[in-house]
Amino acid sequence: QVQLIESGGGLVQDGDSLRLSCAASGLPSSTSSMAWFRQAPGKEREFVAAISRSRSSTYYADSVKGRFTISRDNAKNTVALQMNSLKPEDTAVYHCAAGLVVTAEARRYPYWGQGTRVTVSS
């Protein structure tokens, strides 16, 4: 059974930092890419960042580039998202996802976590 369990969300203030973690288990060996997406209230889910298994390829949404960093520990089957200089517009539920290719397209990720809520107050 595939499980992706996110943690680390919370309420922070404008300019603060937060680190999200995702623990994966039961993923098929062919699964290589990990990603973070987010969904704000009343908005569609949007891509945040993705990383390849080798960690040699990382991709970021323009809105978070330079502020967020995605990383992974293959030995521990975890992926993290370090979020710095948080803004109120970063408020959303953040979901971890796993797939076969590194892409910003949500439909290419068959495995998803339930999400962790991040609220940034102004």
Side-chain angles (χ1 to χ4, degrees):
Q1 181 182 0
V2 175
Q3 281 192 315
L4 296 174
I5 301 176
E6 303 94 337
S7 61
L11 172 63
V12 296
Q13 294 188 334
D14 192 351
D16 283 352
S17 297
L18 206 58
R19 185 177 178 86
L20 305 182
S21 294
C22 173
S25 61
L27 288 172
S29 57
S30 58
T31 307
S32 60
S33 63
M34 301 291 292
W36 289 94
F37 288 77
R38 66 187 183 186
Q39 187 164 18
K43 295 187 177 181
E44 294 187 355
R45 182 171 48 187
E46 67 171 345
F47 170 75
V48 176
I51 187 168
S52 62
R53 181 193 297 275
S54 66
R55 300 185 292 270
S56 61
S57 297
T58 55
Y59 297 94
Y60 296 92
D62 288 343
S63 59
V64 307
K65 202 170 294 183
R67 300 188 298 122
F68 291 11
T69 302
I70 189 170
S71 61
R72 65 187 293 171
D73 184 331
N74 292 331
K76 296 181 179 179
N77 291 323
T78 58
V79 61
L81 185 69
Q82 177 66 42
M83 305 186 294
N84 298 329
S85 302
L86 282 162
K87 306 174 182 180
E89 51 263 45
D90 294 318
T91 294
V93 175
Y94 284 71
H95 296 270
C96 174
L100 302 180
V101 296
V102 181
T103 176
E105 298 180 62
R107 63 183 180 87
R108 303 291 295 274
Y109 292 90
Y111 307 109
W112 291 83
Q114 293 297 310
T116 185
R117 185 175 301 276
V118 173
T119 303
V120 185
S121 63
S122 57

Verdict with supporting geometry, Asp90 and Lys87, salt bridge (charged side-chain N to carboxylate O under 4.0 Å, His left out): CA-CA 5 Å; Asp90 294 318; Lys87 306 174 182 180; over 6 Å; no
Hey, what's the ring geometry for Phe37 with Trp112, parallel, tilted or perpendicular (30° and 60° as the breaks)? tilted
Nearest 0.5 angstrom please: Ser21 OG to Ile5 CD1, how far? 12.0 Å
Side-chain donor/acceptor of Ser33 to backbone N/O of Gly99, under 3.5 Å: yes
Main-chain N/O of Arg38 paired to Glu46 side chain as donor or acceptor, under 3.5 Å: no
Taking the side chain from Arg53 and the backbone from Thr31, do they hold a donor-acceptor pair closer than 3.5 Å? yes
dist Cys22:SG -> Leu4:CG (nearest 0.5 Å) comes out at 4.5 Å
So, taking the atom named CZ in Phe68 and the one named CG in Leu20, what distance separates them when rounded to the nearest 0.5 Å? 8.0 Å
The side-chain hydrogen bond (donor to acceptor under 3.5 Å, both in side chains) partners of Tyr109 (sequence neighbours excluded) come to none
With distance as the sole test, does Ser122 use its side chain to make a donor-acceptor pair with the main-chain N or O of Pro88 at under 3.5 Å? no
Separation between OH of Tyr94 and OG of Ser7, rounded to the nearest 0.5 Å: 15.0 Å
Whether Glu6 side chain and Gln114 backbone form a donor-acceptor pair below 3.5 Å: yes
